[in-house]
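Step one of this worksheet: look at the structure below.
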Amino acid sequence: MTRATRLMAKDISVAFAKPAVLDELFVCIPDGKLTVIVGPNACGKSTLLRALARLQPVGTGQVILDGKSIHKQNSRSVARRLAILPQMPTAPEGLSVRDLVIRGRTPHQSALRQWSKDDAKAVALALEQTGMTQNACRPLEALSGGQRQRAWIAMALAQNTDILLLDEPTTYLDLPHQIELLTLVQNLNRETGRTVAMVLHDINLAARFADHVVALKNGRVHCEGSPTEVITEKTLGEVFSLPCSVIADPIHGTPHVIPA
Amino acid sequence: MTAHTASVPSEHPGTDARGRWLGASVLGLIVLSMFALRFGVRPTGWGQIWSAFTAFQPLNPEHIVIREIRLPRLIGAILAGSSLGMAGALMQGMTRNPLADPGLLGVNAGASMGVVVCILIFGMTDPADFVWIALGGGLVAALLVYLLGGGNQANPARLILAGAAVSALFLALSRSLLLVSQQTLDVYRFWVLGGFDGIEFSTILTLLPFIAFGLALAIPGSLVLNALMLGEDMARGLGVRVGLAQGLIGLAIVILCGATVSMAGPIAFVGLIVPHLARRIGGSDMRWMLFFSAGIGALLMVAADLLGRLPLFGGNMQAGVMAALIGGPVLIWLVRRNGVSKL
């Protein structure tokens with residue numbers, strides 16, 4: 001039995017979800033660590049992440065945040081502790097990076113208190129941490145794919161939560177931008193102590209950046225642990241049906257998958 | 001790329017630029033209002049406007065015209081224009097569709113149907129009596145469009161199709177009812193063109209609470225819309241109760257449109273075009289958008305009502321017709337010049 005963490009899924013089942021269902025899945029997201037969820041297409045990775053962020057209603061079981069069912073908590077109060085960046089979010093045309101990042105402050109604002117010093121501080125810090133200060137006044141559509149994704153991450157950072165969930169943040173980025181973005185996320189995790197959980201497709205990148213890997217298959221956790229424990233020839237054969245060799249990355253020492 | 005860089009200044013106005021535009025629109029509205037009080041069928045002078053308010057003589061025909069006819073008409077036009085502008089801004093923001101407008105999404109057709117029922121079955125002729133049934137009709141049409149458009153899985157294209165279908169249905173129903181009675185047709189014909197003739201203070205006083213309530217919903221709605229425009233998932237992640245927010249914003253739209261429709265008829269175009277102009281000035285922050293939409297809507301409506309009184313247009317062109325005559329070319333110009341922003 002794993003010890004309790006701030007964010008857990010307790011035997012959750014999701015019966016009707018696109019693209020995949022969850023089947024009595026149990027997982028704890030380790031506090032302060034960078035967790036990566038991997039698995040084949042339609043194994044329930046995104047559904048799990050969305051369920052953890054209360055975007056996906058669950059049939060049975062509960063998602064627990066700070067000891068209480070997340071669905072029974074005030075959504076604004078949850079949003080001050082947990083931020084999620086869904087896959088491929090969209091923004092109205094002409095929205096500037098700063099205006100986008102400001103919207104991350106929504107759960108801290110109200111009709112009566114629309115702007116405070118804390119808001120200004122959090123927005124400036126988020127822009128700085130993501131290296132977007134120079135681009136703050138540019139509209140999103142004028143940015144490159146990598147910069148745009150950093151802008152969205154800045155928005156999630158401005159929300160100033162202890163837990164950050166990212167659904168495939170590297171989709172449609174080329175390799176250099178994937179590395180750049182994941183390095184940014186890793187640094188944020190190391191420097192601010194935020195708990196990060198994200199879905200990634202690329203196992204080698206997962207192995208390189210994760211502290212903790214959760215491998216899903218058919219809506220259940222197949223196995224979890226450190227990258228070296230999870231990313232093995234045996235597991236990859238079972239989870240992805242992929243015959244492969246796993247060697248130690250000659251530079252970083254993390255597991256590296258070479259498909260057969 | 002160059003197009004983007006070129007359009008940056010106009011799309012990202014600072015607070016200064018917004019302040020200047022705000023000042024300009026308030027000034028414009030004051031000037032237009034003065035003209036609206038000054039010009040009409042009966043010639044009056046500038047001095048008489050002043051004296052009508054400072055030293056009112058109950059038997060002076062000019063004073064009576066200014067205070068009892070032109071003033072309510074002016075206030076009606078301001079209220080209708082700003083309500084329609086705000087309703088259009090909320091609707092475009094909520095459906096994330098730059099073509100959304102109370103006319104396209106069936107609300108006006110539903111409210112019109114309600115008015116026809118009022119005229120035909122209850123024999124009403126005073127707009128103040130229409131308002132509840134017009135609101136009911138607008139609400140029914142909006143719910144129908146929402147359900148046909150896919151409920152909470154609605155996408156903009158489906159919503160527009162559902163809106164067109166429901167509008168056509170309600171229009172056909174209204175027309176078939178009108179065929180039954182010549183008398184109803186006469187009242188309806190006058191009302192449907194959209195105008196502010198014969199508006200009295202009592203009408204405005206009846207409708208004012210509705211518009212105030214719509215406004216009270218619209219202001220917090222615009223705050224939430226900023227988050228909602230990033231997509232429903234993102235909004236939920238930011239702690240917005242999406243269903244509740246959409247319901248309240250929808251209610252604000254129906255109330256603002258219903259009140260306007262019962263007062264001045266189904267005025268087309270204002271709700272569609274005003275938010276596009278407001279976006280040019282105020283950027284994509286919905287709070288400013290709502291504000292500027294109200295201002296520009298009022299300006300357009302007062303101008304339309306004023307122009308419609310000019311001898312050039314026969315001296316009595318309905319404001320709704322006039323607004324479409326002005327609005328059409330402006331919309332074409334906007335689309336040709338910058339294209340329509342994706343929301």
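Because only heavy atoms are used, hydrogens play no part in the values below, and waters and symmetry mates are left out as well, while side chains stay in. Proteins get letters first, then strands, A, B, ... in listed order; numbering begins at 1 in each. Since the structure is predicted, the reported quantities are computational estimates derived from the model, not experimental observations.
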Next item on the list: Starting at CG of B/L230, measure out to CG of A/L100 and round the result to the nearest 0.5 Å.
Entry: 6.0 Å
Notebook entry, point to check: How many angstroms lie between CG in B/D285 and CD1 in A/I102, if you round to the nearest 0.5 Å?
Noted result: 8.0 Å
Margin query: Just to verify, which of A/M155, A/R105, A/H108 counts as forming a side chain to side chain contact (heavy atoms under 4.5 Å, CB included) with B/L238?
Written below: A/M155
Check: Which atom pair, heavy atoms only, marks the closest approach of B/N226 to A/R103?
Finding: O-NH1, 3.0 Å
Next item on the list: Identify the two heavy atoms, one from A/A91 and one from B/R96, that lie closest to each other, and give their separation to 0.1 Å.
Entry: N-NH2, 4.1 Å
What do you reckon, is [atom1] of [X] surrounded by more than 12 foreign heavy atoms closer than 6.0 Å?
| X | atom1 | value |
| --- | --- | --- |
| B/R241 | CZ | no |
| A/F209 | CZ | yes |
| A/R148 | CZ | yes |

Notebook entry, point to check: Yes or no on side-chain contact (heavy atoms from CB on, under 4.5 Å) for B/M234 and A/I84, after CA distance, side-chain angles and deciding distance?
Noted result: CA-CA 7 Å; B/M234 197 73 244; A/I84 178 159; 5.6 Å; no
Next item on the list: Please determine, among A/N74, A/L55, A/T106, A/L85, the option with the most heavy-atom pairs under 4.5 Å with chain B.
Entry: A/L55
Margin query: For B/G237, is there any backbone N or O sitting under 3.5 Å from a side-chain donor or acceptor partner on A/Q159?
Written below: yes
Next item on the list: Pick one of side chain, backbone, both or neither for A/S110, based on which atoms fall under 4.5 Å of a heavy atom in chain B.
Entry: backbone
